[in-house]
Amino acid sequence: MEAILKVEDINVYYGSIHAIKGVSFEVNEGEIVTLIGANGAGKSTTLNTISGLLHSKTGSVTFMGENLGKIPCHKIVSKGLALVPEGRRVFLQMTVQENLEMGAFTQGGKTLDDDLERVYEQFPRLKERMKQVAGTLSGGEQQMLAMGRALMSHPKLLMLDEPSMGLAPILVEQIFDIIQELHKAGTTILLVEQNAQAALSVADRGYVLETGKVVTTGTGHELLESPAIKKAYLGG
Amino acid sequence: MEFLSYLISGVSLGSVYAIIALGYTMVYGIAKMLNFAHGDIIMVGGYISFCAMSYLGLPGWLATLLAMAVCTVLGIVIEGLAYKPLRSAPSLAVLITAIGVSYFLQNSALLIWKAAPKVYQPVVSGSLTLFGGQLSVPYASVLTMAACLVIMAALTLFISKSKMGKAMRACSEDKGAAQLMGINVNATISTTFAIGSALAAVAGVLLCTSYPTLQPTTGSMPGIKAFTAAVFGGIGSIPGAFLGGLLLGVIEAMAKAYISTNLANSIVFAVLIVVLLVKPAGLLGKYVPEKV
(Lines give C-alpha, C1' and ligand atoms only; values in the text may rest on other atoms or scores of the structure.)
Protein backbone atom coordinates (compact mmCIF):
# COMPACT_ATOMS: atom_id res chain seq x y z
CA MET A 1 0.00 0.00 0.00
CA GLU A 2 1.08 3.50 -0.84
CA ALA A 3 1.45 6.11 1.91
CA ILE A 4 -0.99 8.91 1.07
CA LEU A 5 0.27 11.07 3.96
CA LYS A 6 3.76 10.97 5.32
CA VAL A 7 4.73 13.07 8.33
CA GLU A 8 8.45 13.11 9.00
CA ASP A 9 10.17 14.52 12.05
CA ILE A 10 8.01 17.58 12.63
CA ASN A 11 8.74 19.98 15.47
CA VAL A 12 6.13 22.58 16.36
CA TYR A 13 6.46 25.37 18.88
CA TYR A 14 3.97 27.71 20.55
CA GLY A 15 6.37 30.55 21.31
CA SER A 16 8.95 28.87 23.53
CA ILE A 17 6.82 25.81 24.24
CA HIS A 18 7.99 22.81 22.27
CA ALA A 19 4.64 21.09 21.60
CA ILE A 20 5.59 18.47 19.01
CA LYS A 21 8.98 16.83 19.33
CA GLY A 22 10.03 14.99 16.22
CA VAL A 23 6.79 13.23 15.37
CA SER A 24 6.76 10.90 12.36
CA PHE A 25 3.99 8.69 11.08
CA GLU A 26 2.23 7.74 7.90
CA VAL A 27 -1.24 7.00 6.65
CA ASN A 28 -1.73 4.54 3.81
CA GLU A 29 -4.43 4.85 1.22
CA GLY A 30 -7.72 3.33 2.42
CA GLU A 31 -6.76 3.10 6.08
CA ILE A 32 -8.25 4.48 9.25
CA VAL A 33 -5.34 5.64 11.37
CA THR A 34 -5.80 7.06 14.82
CA LEU A 35 -3.64 9.24 17.01
CA ILE A 36 -4.50 8.77 20.65
CA GLY A 37 -3.12 10.34 23.76
CA ALA A 38 -4.00 12.41 26.79
CA ASN A 39 -4.74 16.13 26.89
CA GLY A 40 -1.76 18.14 25.74
CA ALA A 41 -0.05 15.20 24.05
CA GLY A 42 0.02 17.15 20.77
CA LYS A 43 -2.72 15.42 18.80
CA SER A 44 -4.56 18.52 17.64
CA THR A 45 -1.31 20.38 17.07
CA THR A 46 -0.26 17.60 14.72
CA LEU A 47 -3.48 17.85 12.69
CA ASN A 48 -3.33 21.64 12.60
CA THR A 49 0.24 21.42 11.31
CA ILE A 50 -0.74 19.02 8.53
CA SER A 51 -3.58 21.33 7.46
CA GLY A 52 -1.31 24.39 7.44
CA LEU A 53 -2.84 26.33 10.33
CA LEU A 54 0.45 25.82 12.17
CA HIS A 55 3.94 25.31 10.79
CA SER A 56 6.72 22.93 11.65
CA LYS A 57 10.29 24.14 12.09
CA THR A 58 11.79 20.95 10.77
CA GLY A 59 10.95 17.86 8.80
CA SER A 60 8.19 17.59 6.25
CA VAL A 61 4.57 16.76 5.63
CA THR A 62 4.11 14.97 2.31
CA PHE A 63 0.65 14.40 0.89
CA MET A 64 0.38 12.28 -2.25
CA GLY A 65 3.99 12.92 -3.03
CA GLU A 66 3.80 16.69 -2.58
CA ASN A 67 5.54 18.56 0.23
CA LEU A 68 2.94 20.73 1.98
CA GLY A 69 5.47 22.72 3.99
CA LYS A 70 5.39 25.95 2.01
CA ILE A 71 1.78 25.80 0.86
CA PRO A 72 -0.56 28.32 2.55
CA CYS A 73 -3.42 26.87 4.56
CA HIS A 74 -6.19 27.96 2.19
CA LYS A 75 -4.62 26.06 -0.71
CA ILE A 76 -4.41 22.75 1.11
CA VAL A 77 -8.07 21.75 1.01
CA SER A 78 -8.12 21.75 -2.79
CA LYS A 79 -5.34 19.15 -2.73
CA GLY A 80 -7.79 16.68 -1.21
CA LEU A 81 -7.01 17.09 2.46
CA ALA A 82 -9.85 18.20 4.75
CA LEU A 83 -9.85 18.78 8.49
CA VAL A 84 -12.88 18.65 10.75
CA PRO A 85 -11.43 20.83 13.48
CA GLU A 86 -11.62 20.35 17.20
CA GLY A 87 -14.75 21.95 18.63
CA ARG A 88 -16.42 21.68 15.19
CA ARG A 89 -16.02 25.36 14.36
CA VAL A 90 -19.04 25.52 12.08
CA PHE A 91 -20.09 29.03 11.06
CA LEU A 92 -22.72 29.59 13.73
CA GLN A 93 -24.40 32.58 12.11
CA MET A 94 -24.71 30.97 8.71
CA THR A 95 -27.34 28.45 7.70
CA VAL A 96 -26.67 24.73 7.42
CA GLN A 97 -26.75 24.97 3.64
CA GLU A 98 -24.39 27.96 3.59
CA ASN A 99 -21.97 26.07 5.80
CA LEU A 100 -21.97 23.20 3.32
CA GLU A 101 -21.48 25.64 0.44
CA MET A 102 -18.43 27.01 2.23
CA GLY A 103 -17.12 23.45 2.37
CA ALA A 104 -17.36 23.38 -1.40
CA PHE A 105 -15.64 26.77 -1.74
CA THR A 106 -12.79 25.42 -3.86
CA GLN A 107 -14.98 23.15 -5.97
CA GLY A 108 -15.99 25.56 -8.73
CA GLY A 109 -19.72 25.04 -8.23
CA LYS A 110 -20.50 22.57 -11.02
CA THR A 111 -21.07 19.62 -8.74
CA LEU A 112 -22.54 21.66 -5.89
CA ASP A 113 -26.09 20.31 -6.13
CA ASP A 114 -24.95 16.71 -6.39
CA ASP A 115 -22.59 17.14 -3.48
CA LEU A 116 -25.28 18.73 -1.33
CA GLU A 117 -27.59 15.86 -2.19
CA ARG A 118 -24.90 13.33 -1.25
CA VAL A 119 -24.19 14.97 2.11
CA TYR A 120 -27.90 15.34 2.91
CA GLU A 121 -28.32 11.67 2.14
CA GLN A 122 -25.53 10.84 4.55
CA PHE A 123 -26.92 13.18 7.22
CA PRO A 124 -30.72 13.38 6.84
CA ARG A 125 -30.87 15.51 9.98
CA LEU A 126 -29.03 18.27 8.17
CA LYS A 127 -31.51 18.22 5.31
CA GLU A 128 -34.37 18.83 7.73
CA ARG A 129 -32.50 21.83 9.08
CA MET A 130 -30.92 23.19 5.91
CA LYS A 131 -32.35 26.70 6.32
CA GLN A 132 -31.61 26.95 10.04
CA VAL A 133 -28.58 28.87 11.27
CA ALA A 134 -25.93 26.50 12.56
CA GLY A 135 -25.91 28.16 15.99
CA THR A 136 -29.34 26.66 16.70
CA LEU A 137 -28.17 23.08 16.12
CA SER A 138 -27.36 20.67 18.93
CA GLY A 139 -23.78 19.54 19.53
CA GLY A 140 -24.28 16.28 17.66
CA GLU A 141 -25.87 18.03 14.70
CA GLN A 142 -23.04 20.55 14.62
CA GLN A 143 -20.56 17.68 14.51
CA MET A 144 -22.45 16.18 11.58
CA LEU A 145 -22.46 19.56 9.89
CA ALA A 146 -18.72 19.93 10.41
CA MET A 147 -18.17 16.51 8.88
CA GLY A 148 -20.59 17.15 6.02
CA ARG A 149 -18.88 20.47 5.35
CA ALA A 150 -15.50 18.76 5.10
CA LEU A 151 -16.93 16.08 2.78
CA MET A 152 -18.14 18.78 0.38
CA SER A 153 -14.54 19.25 -0.75
CA HIS A 154 -14.21 15.60 -1.94
CA PRO A 155 -11.31 14.86 0.41
CA LYS A 156 -9.03 11.92 -0.30
CA LEU A 157 -7.93 12.12 3.31
CA LEU A 158 -10.35 13.25 5.98
CA MET A 159 -8.86 14.32 9.29
CA LEU A 160 -11.17 14.34 12.28
CA ASP A 161 -10.17 16.06 15.50
CA GLU A 162 -12.05 14.67 18.50
CA PRO A 163 -15.36 14.13 16.74
CA SER A 164 -16.85 12.54 19.88
CA MET A 165 -16.01 15.41 22.20
CA GLY A 166 -18.91 16.49 24.39
CA LEU A 167 -21.41 14.11 22.81
CA ALA A 168 -23.74 11.66 24.54
CA PRO A 169 -22.69 7.98 24.20
CA ILE A 170 -25.45 7.20 21.71
CA LEU A 171 -24.27 10.04 19.47
CA VAL A 172 -20.66 8.95 19.80
CA GLU A 173 -21.73 5.57 18.47
CA GLN A 174 -23.54 7.24 15.60
CA ILE A 175 -20.52 9.37 14.70
CA PHE A 176 -18.27 6.29 14.69
CA ASP A 177 -20.77 4.44 12.49
CA ILE A 178 -20.59 7.33 10.05
CA ILE A 179 -16.79 7.26 10.13
CA GLN A 180 -16.85 3.57 9.21
CA GLU A 181 -19.35 4.20 6.42
CA LEU A 182 -17.15 6.93 4.98
CA HIS A 183 -14.22 4.58 5.19
CA LYS A 184 -16.11 1.86 3.34
CA ALA A 185 -17.00 4.41 0.67
CA GLY A 186 -13.27 4.83 0.06
CA THR A 187 -12.17 7.80 2.16
CA THR A 188 -8.91 7.48 4.02
CA ILE A 189 -9.28 8.71 7.58
CA LEU A 190 -6.91 10.15 10.16
CA LEU A 191 -8.70 10.24 13.46
CA VAL A 192 -7.62 12.01 16.63
CA GLU A 193 -9.42 10.90 19.76
CA GLN A 194 -9.31 10.90 23.50
CA ASN A 195 -11.90 8.16 23.42
CA ALA A 196 -9.18 5.58 22.78
CA GLN A 197 -11.49 2.59 23.09
CA ALA A 198 -13.82 3.76 20.35
CA ALA A 199 -11.02 5.01 18.11
CA LEU A 200 -8.90 1.86 18.34
CA SER A 201 -11.82 -0.42 17.69
CA VAL A 202 -12.41 1.15 14.26
CA ALA A 203 -8.79 1.88 13.37
CA ASP A 204 -6.46 -0.21 11.20
CA ARG A 205 -3.46 1.27 12.96
CA GLY A 206 -2.83 3.64 15.81
CA TYR A 207 -0.09 5.85 17.17
CA VAL A 208 0.08 6.78 20.83
CA LEU A 209 1.32 10.29 21.56
CA GLU A 210 2.73 11.40 24.87
CA THR A 211 3.99 14.93 25.53
CA GLY A 212 4.71 15.59 21.88
CA LYS A 213 6.28 12.25 20.97
CA VAL A 214 5.09 9.02 19.42
CA VAL A 215 5.65 6.40 22.14
CA THR A 216 3.90 3.33 20.75
CA THR A 217 2.47 2.19 17.48
CA GLY A 218 0.63 -0.89 16.29
CA THR A 219 -2.58 -2.14 14.76
CA GLY A 220 -5.80 -1.08 16.42
CA HIS A 221 -6.23 -4.56 17.80
CA GLU A 222 -2.70 -4.77 19.21
CA LEU A 223 -3.02 -1.46 20.96
CA LEU A 224 -6.41 -2.36 22.41
CA GLU A 225 -4.85 -5.52 23.86
CA SER A 226 -1.64 -3.96 25.09
CA PRO A 227 -1.55 -3.90 28.90
CA ALA A 228 0.30 -0.60 29.05
CA ILE A 229 -2.27 1.12 26.80
CA LYS A 230 -5.12 -0.45 28.73
CA LYS A 231 -3.72 0.92 31.92
CA ALA A 232 -3.00 4.40 30.65
CA TYR A 233 -5.95 5.11 28.35
CA LEU A 234 -8.63 2.49 28.67
CA GLY A 235 -9.13 2.51 32.42
CA GLY A 236 -7.50 -0.79 33.31
CA MET B 1 -44.04 71.64 5.77
CA GLU B 2 -41.04 73.08 7.56
CA PHE B 3 -40.74 69.86 9.56
CA LEU B 4 -40.89 67.80 6.38
CA SER B 5 -38.14 69.86 4.84
CA TYR B 6 -35.91 69.34 7.92
CA LEU B 7 -36.73 65.68 7.87
CA ILE B 8 -35.68 65.34 4.24
CA SER B 9 -32.44 67.17 4.85
CA GLY B 10 -31.86 64.90 7.85
CA VAL B 11 -32.51 61.74 5.85
CA SER B 12 -30.25 63.01 3.10
CA LEU B 13 -27.41 63.75 5.53
CA GLY B 14 -28.12 60.44 7.22
CA SER B 15 -27.83 58.66 3.87
CA VAL B 16 -24.28 59.96 3.51
CA TYR B 17 -23.48 58.80 7.04
CA ALA B 18 -25.02 55.43 6.23
CA ILE B 19 -22.88 54.96 3.12
CA ILE B 20 -19.74 55.78 5.11
CA ALA B 21 -20.88 53.67 8.05
CA LEU B 22 -21.31 50.66 5.75
CA GLY B 23 -17.58 50.82 5.00
CA TYR B 24 -16.70 51.06 8.69
CA THR B 25 -18.97 48.23 9.66
CA MET B 26 -17.88 45.87 6.87
CA VAL B 27 -14.20 46.34 7.65
CA TYR B 28 -14.88 45.91 11.35
CA GLY B 29 -17.00 42.82 10.75
CA ILE B 30 -14.29 41.08 8.77
CA ALA B 31 -10.94 42.45 9.86
CA LYS B 32 -12.13 43.23 13.43
CA MET B 33 -10.43 46.61 13.24
CA LEU B 34 -11.61 50.20 13.31
CA ASN B 35 -10.27 51.87 10.23
CA PHE B 36 -10.07 55.45 11.43
CA ALA B 37 -8.59 56.49 8.09
CA HIS B 38 -11.93 55.68 6.45
CA GLY B 39 -13.13 59.28 6.83
CA ASP B 40 -10.07 60.55 5.01
CA ILE B 41 -10.76 58.28 2.06
CA ILE B 42 -13.96 60.33 1.68
CA MET B 43 -11.86 63.47 1.47
CA VAL B 44 -9.58 61.89 -1.14
CA GLY B 45 -12.68 60.87 -3.10
CA GLY B 46 -13.89 64.45 -2.90
CA TYR B 47 -10.58 65.88 -4.19
CA ILE B 48 -10.25 63.35 -7.00
CA SER B 49 -13.75 64.07 -8.27
CA PHE B 50 -13.16 67.81 -7.81
CA CYS B 51 -10.01 67.67 -9.93
CA ALA B 52 -11.70 65.51 -12.54
CA MET B 53 -14.55 67.96 -12.93
CA SER B 54 -12.81 71.29 -12.45
CA TYR B 55 -9.46 70.63 -14.15
CA LEU B 56 -10.26 67.88 -16.65
CA GLY B 57 -13.83 68.98 -17.33
CA LEU B 58 -15.21 65.47 -16.94
CA PRO B 59 -18.94 64.99 -16.31
CA GLY B 60 -20.06 64.24 -12.73
CA TRP B 61 -20.72 60.54 -13.21
CA LEU B 62 -17.35 59.92 -14.79
CA ALA B 63 -15.63 61.92 -12.06
CA THR B 64 -17.43 59.76 -9.50
CA LEU B 65 -16.27 56.56 -11.20
CA LEU B 66 -12.72 57.88 -11.32
CA ALA B 67 -12.86 58.78 -7.62
CA MET B 68 -14.17 55.30 -6.84
CA ALA B 69 -11.37 53.66 -8.82
CA VAL B 70 -8.66 55.76 -7.14
CA CYS B 71 -10.10 55.20 -3.65
CA THR B 72 -10.45 51.46 -4.24
CA VAL B 73 -6.77 51.22 -5.12
CA LEU B 74 -5.88 53.49 -2.20
CA GLY B 75 -7.89 51.30 0.19
CA ILE B 76 -6.17 48.13 -1.01
CA VAL B 77 -2.73 49.74 -0.81
CA ILE B 78 -3.34 51.10 2.70
CA GLU B 79 -4.57 47.71 3.86
CA GLY B 80 -1.61 45.91 2.32
CA LEU B 81 1.07 48.31 3.57
CA ALA B 82 -0.24 49.43 6.94
CA TYR B 83 -2.65 46.83 8.30
CA LYS B 84 -1.69 43.48 6.80
CA PRO B 85 1.72 43.31 8.50
CA LEU B 86 -0.12 43.80 11.80
CA ARG B 87 -2.59 40.95 11.29
CA SER B 88 -1.47 39.12 14.39
CA ALA B 89 -0.55 42.23 16.40
CA PRO B 90 -2.71 43.44 19.31
CA SER B 91 -5.74 45.42 18.17
CA LEU B 92 -4.46 48.56 19.89
CA ALA B 93 -1.43 48.61 17.57
CA VAL B 94 -3.72 48.42 14.54
CA LEU B 95 -5.94 51.18 15.92
CA ILE B 96 -2.99 53.50 16.41
CA THR B 97 -1.73 52.70 12.93
CA ALA B 98 -5.15 53.58 11.53
CA ILE B 99 -5.01 56.96 13.29
CA GLY B 100 -1.53 57.43 11.81
CA VAL B 101 -2.81 56.63 8.32
CA SER B 102 -5.59 59.16 8.86
CA TYR B 103 -3.10 61.96 9.62
CA PHE B 104 -0.88 60.82 6.79
CA LEU B 105 -3.74 61.18 4.31
CA GLN B 106 -4.79 64.57 5.67
CA ASN B 107 -1.27 65.93 5.51
CA SER B 108 -0.65 64.52 2.06
CA ALA B 109 -3.82 66.26 0.91
CA LEU B 110 -2.57 69.46 2.53
CA LEU B 111 0.66 69.18 0.53
CA ILE B 112 -1.02 68.39 -2.76
CA TRP B 113 -4.14 70.54 -2.64
CA LYS B 114 -3.09 73.19 -0.03
CA ALA B 115 -5.12 74.38 2.93
CA ALA B 116 -7.42 76.85 1.18
CA PRO B 117 -10.91 75.34 0.78
CA LYS B 118 -11.91 74.48 -2.78
CA VAL B 119 -15.37 75.31 -4.02
CA TYR B 120 -16.85 72.02 -5.16
CA GLN B 121 -18.91 71.97 -8.30
CA PRO B 122 -21.99 69.91 -7.38
CA VAL B 123 -22.68 66.90 -9.58
CA VAL B 124 -26.36 67.89 -9.61
CA SER B 125 -27.99 71.22 -8.86
CA GLY B 126 -31.46 72.66 -8.63
CA SER B 127 -34.45 71.56 -6.62
CA LEU B 128 -37.59 69.59 -6.98
CA THR B 129 -40.61 71.72 -6.06
CA LEU B 130 -43.54 69.98 -4.43
CA PHE B 131 -46.92 71.01 -3.00
CA GLY B 132 -47.22 74.09 -5.22
CA GLY B 133 -43.88 75.54 -4.17
CA GLN B 134 -44.30 74.97 -0.45
CA LEU B 135 -41.63 72.31 -0.28
CA SER B 136 -38.42 72.31 -2.23
CA VAL B 137 -36.17 69.28 -2.23
CA PRO B 138 -32.68 69.71 -3.68
CA TYR B 139 -31.87 67.17 -6.38
CA ALA B 140 -28.67 66.53 -4.45
CA SER B 141 -30.80 65.14 -1.60
CA VAL B 142 -32.83 63.01 -3.97
CA LEU B 143 -29.65 61.64 -5.52
CA THR B 144 -28.09 60.96 -2.11
CA MET B 145 -31.09 59.08 -0.79
CA ALA B 146 -31.45 57.08 -3.98
CA ALA B 147 -27.74 56.21 -3.99
CA CYS B 148 -27.94 55.08 -0.39
CA LEU B 149 -30.91 52.80 -1.06
CA VAL B 150 -29.29 51.27 -4.13
CA ILE B 151 -25.99 50.69 -2.31
CA MET B 152 -27.74 49.21 0.68
CA ALA B 153 -29.79 46.83 -1.46
CA ALA B 154 -26.83 45.80 -3.61
CA LEU B 155 -24.61 45.21 -0.61
CA THR B 156 -27.23 43.16 1.23
CA LEU B 157 -27.70 41.01 -1.83
CA PHE B 158 -23.95 40.65 -2.31
CA ILE B 159 -23.32 39.61 1.30
CA SER B 160 -26.23 37.19 1.52
CA LYS B 161 -26.12 35.57 -1.90
CA SER B 162 -22.76 35.80 -3.62
CA LYS B 163 -19.95 33.36 -3.02
CA MET B 164 -17.55 36.16 -2.07
CA GLY B 165 -20.16 37.63 0.28
CA LYS B 166 -20.60 34.32 2.02
CA ALA B 167 -16.83 33.92 2.26
CA MET B 168 -16.75 37.34 3.94
CA ARG B 169 -19.28 36.20 6.52
CA ALA B 170 -17.30 33.03 7.09
CA CYS B 171 -14.10 35.05 7.63
CA SER B 172 -15.92 37.38 9.96
CA GLU B 173 -16.91 34.44 12.16
CA ASP B 174 -13.82 32.26 12.17
CA LYS B 175 -10.73 32.97 10.09
CA GLY B 176 -9.09 29.65 10.87
CA ALA B 177 -12.13 27.63 9.84
CA ALA B 178 -12.52 29.82 6.75
CA GLN B 179 -8.96 28.96 5.71
CA LEU B 180 -9.69 25.28 6.18
CA MET B 181 -12.52 25.75 3.65
CA GLY B 182 -9.99 27.09 1.17
CA ILE B 183 -10.95 30.75 1.56
CA ASN B 184 -8.04 33.14 1.11
CA VAL B 185 -8.52 35.32 4.17
CA ASN B 186 -6.06 38.02 3.10
CA ALA B 187 -7.72 38.41 -0.29
CA THR B 188 -11.12 38.58 1.38
CA ILE B 189 -9.97 41.35 3.71
CA SER B 190 -8.51 43.25 0.74
CA THR B 191 -11.81 42.96 -1.10
CA THR B 192 -13.63 44.32 1.91
CA PHE B 193 -11.32 47.33 2.02
CA ALA B 194 -11.82 47.82 -1.71
CA ILE B 195 -15.60 47.87 -1.38
CA GLY B 196 -15.54 50.10 1.70
CA SER B 197 -13.20 52.59 0.00
CA ALA B 198 -15.26 52.70 -3.20
CA LEU B 199 -18.30 53.49 -1.06
CA ALA B 200 -16.32 56.20 0.74
CA ALA B 201 -15.59 57.79 -2.65
CA VAL B 202 -19.30 57.86 -3.47
CA ALA B 203 -19.95 59.37 -0.04
CA GLY B 204 -17.29 62.00 -0.75
CA VAL B 205 -18.96 63.09 -3.99
CA LEU B 206 -22.42 63.18 -2.38
CA LEU B 207 -21.19 65.01 0.70
CA CYS B 208 -19.40 67.68 -1.33
CA THR B 209 -22.42 68.04 -3.59
CA SER B 210 -24.61 68.89 -0.60
CA TYR B 211 -21.94 70.88 1.28
CA PRO B 212 -19.70 72.26 -1.47
CA THR B 213 -16.52 73.21 0.35
CA LEU B 214 -13.60 70.87 0.25
CA GLN B 215 -10.51 70.94 2.45
CA PRO B 216 -8.07 68.33 3.82
CA THR B 217 -10.10 67.88 7.01
CA THR B 218 -13.44 67.53 5.19
CA GLY B 219 -13.63 63.82 5.85
CA SER B 220 -12.79 63.69 9.52
CA MET B 221 -16.05 64.91 11.10
CA PRO B 222 -18.36 62.89 8.81
CA GLY B 223 -15.97 59.97 9.36
CA ILE B 224 -16.33 60.17 13.15
CA LYS B 225 -20.09 60.63 12.85
CA ALA B 226 -20.42 57.65 10.54
CA PHE B 227 -18.34 55.62 12.95
CA THR B 228 -20.79 56.73 15.64
CA ALA B 229 -23.63 55.69 13.36
CA ALA B 230 -22.09 52.27 12.86
CA VAL B 231 -21.73 51.77 16.61
CA PHE B 232 -25.21 53.22 17.15
CA GLY B 233 -26.72 50.66 14.76
CA GLY B 234 -24.52 47.83 15.99
CA ILE B 235 -21.00 47.59 14.58
CA GLY B 236 -20.55 44.68 12.21
CA SER B 237 -24.20 44.78 11.15
CA ILE B 238 -25.03 46.08 7.68
CA PRO B 239 -28.69 46.97 8.32
CA GLY B 240 -27.45 48.47 11.60
CA ALA B 241 -25.12 50.84 9.76
CA PHE B 242 -27.96 51.88 7.49
CA LEU B 243 -30.39 52.49 10.34
CA GLY B 244 -27.76 54.14 12.52
CA GLY B 245 -26.72 56.47 9.71
CA LEU B 246 -30.26 57.57 8.92
CA LEU B 247 -31.20 58.10 12.58
CA LEU B 248 -28.03 60.04 13.25
CA GLY B 249 -28.68 62.33 10.27
CA VAL B 250 -32.28 62.97 11.31
CA ILE B 251 -31.35 63.62 14.95
CA GLU B 252 -28.64 66.04 13.83
CA ALA B 253 -30.96 67.90 11.45
CA MET B 254 -33.74 68.14 14.04
CA ALA B 255 -31.35 69.27 16.76
CA LYS B 256 -30.02 71.97 14.43
CA ALA B 257 -33.50 73.11 13.48
CA TYR B 258 -35.29 73.06 16.80
CA ILE B 259 -32.69 73.19 19.53
CA SER B 260 -29.40 74.80 18.64
CA THR B 261 -26.98 74.69 15.74
CA ASN B 262 -24.03 74.83 18.10
CA LEU B 263 -25.30 72.06 20.28
CA ALA B 264 -26.28 69.71 17.42
CA ASN B 265 -23.11 67.62 17.59
CA SER B 266 -23.23 67.36 21.37
CA ILE B 267 -26.83 66.17 21.14
CA VAL B 268 -25.88 63.55 18.54
CA PHE B 269 -23.16 62.11 20.74
CA ALA B 270 -25.35 62.33 23.85
CA VAL B 271 -27.93 60.18 22.08
CA LEU B 272 -25.17 57.69 21.22
CA ILE B 273 -24.15 57.45 24.86
CA VAL B 274 -27.73 56.88 25.99
CA VAL B 275 -28.32 54.19 23.37
CA LEU B 276 -25.11 52.39 24.28
CA LEU B 277 -26.02 52.48 27.97
CA VAL B 278 -29.32 50.78 27.23
CA LYS B 279 -28.18 48.55 24.35
CA PRO B 280 -24.41 48.06 24.57
CA ALA B 281 -24.26 46.20 21.25
CA GLY B 282 -26.11 48.98 19.40
CA LEU B 283 -29.62 48.96 17.97
CA LEU B 284 -29.31 45.91 15.72
CA GLY B 285 -26.04 44.49 16.99
CA LYS B 286 -26.02 41.09 18.56
CA TYR B 287 -24.07 40.55 21.70
CA VAL B 288 -22.32 37.27 20.95
CA PRO B 289 -20.88 35.69 24.07
CA GLU B 290 -17.58 33.93 23.48
CA LYS B 291 -18.00 30.21 23.69
CA VAL B 292 -15.13 28.35 25.28
Side-chain angles (χ1 to χ4, degrees), chain A residues 15 44 47-48 50-54 71-95 97-109 112 131 133-135 139 142 145-155 158-161 166, chain B residues 25-26 28-32 80 84-85 87-90 156-192 234-241 281-282 284-292:
Chain A
S44 298
L47 288 198
N48 288 340
I50 297 169
S51 60
L53 283 169
L54 295 170
I71 296 176
C73 182
H74 69 269
K75 292 219 170 117
I76 285 190
V77 66
S78 54
K79 310 227 172 264
L81 195 58
L83 170 66
V84 180
E86 186 177 10
R88 297 146 202 152
R89 292 172 74 172
V90 293
F91 302 113
L92 296 172
Q93 293 170 45
M94 298 172 80
T95 65
Q97 177 121 348
E98 284 170 342
N99 267 278
L100 295 177
E101 285 170 19
M102 286 298 104
F105 189 80
T106 53
Q107 292 295 307
L112 182 65
K131 294 231 169 358
V133 283
Q142 286 187 16
L145 179 56
M147 289 167 73
R149 185 178 67 174
L151 290 173
M152 290 295 288
S153 68
H154 293 272
L158 182 66
M159 299 189 287
L160 297 151
D161 196 347
Chain B
T25 224
M26 280 180 75
Y28 179 82
I30 287 148
K32 297 284 177 283
K84 196 170 161 188
R87 199 77 87 216
S88 49
T156 307
L157 214 60
F158 172 75
I159 291 287
S160 62
K161 295 276 183 267
S162 76
K163 192 173 179 186
M164 189 67 203
K166 287 176 192 167
M168 283 178 172
R169 280 152 60 204
C171 285
S172 135
E173 266 200 60
D174 186 336
K175 289 191 182 60
Q179 278 181 303
L180 290 177
M181 301 299 110
I183 297 167
N184 185 342
V185 171
N186 281 330
T188 309
I189 293 177
S190 279
T191 311
T192 313
I235 191 127
S237 154
I238 287 181
L284 301 183
K286 266 182 268 168
Y287 171 68
V288 186
E290 297 242 336
K291 228 180 188 175
V292 245

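So you know, we letter chains A, B, ... as the sequences are listed, proteins then strands, and number each from 1.
- Nearest heavy-atom pair across A:T106 and B:G182 is CG2-CA, 3.8 Å.
- With a threshold of 4.5 angstrom between heavy atoms, A:L53 approaches chain B through side-chain atoms but not through N, CA, C or O.
- For A:Q107, there are no side chain to side chain donor-acceptor pair (under 3.5 Å) partners at least two apart in sequence or on another chain.
- Here the straight-line distance linking atom CE of B:M181 with atom OG of A:S78 works out to 12.5 Å at 0.5 Å rounding.
- Residue pairs meeting the side chain to side chain donor-acceptor pair (under 3.5 Å) criterion with at least one member in residues 166-185 of chain B, sequence neighbours excluded, are A:H74-B:N184, A:R89-B:D174, A:E98-B:R169, A:E101-B:K166.
- By the 6.0 Å contact criterion, NZ on B:K32 is enclosed, its count of non-hydrogen atoms from other residues, nucleotides or ligands being greater than 12.
- For the pair A:V77 and B:L180, the tightest heavy-atom approach, listed with the atom from each and the gap, is CB-O, 3.4 Å.
- Nearest heavy-atom pair, B:A170 versus A:F91, reported as atom, atom and distance to 0.1 Å: O-CE2, 3.5 Å.
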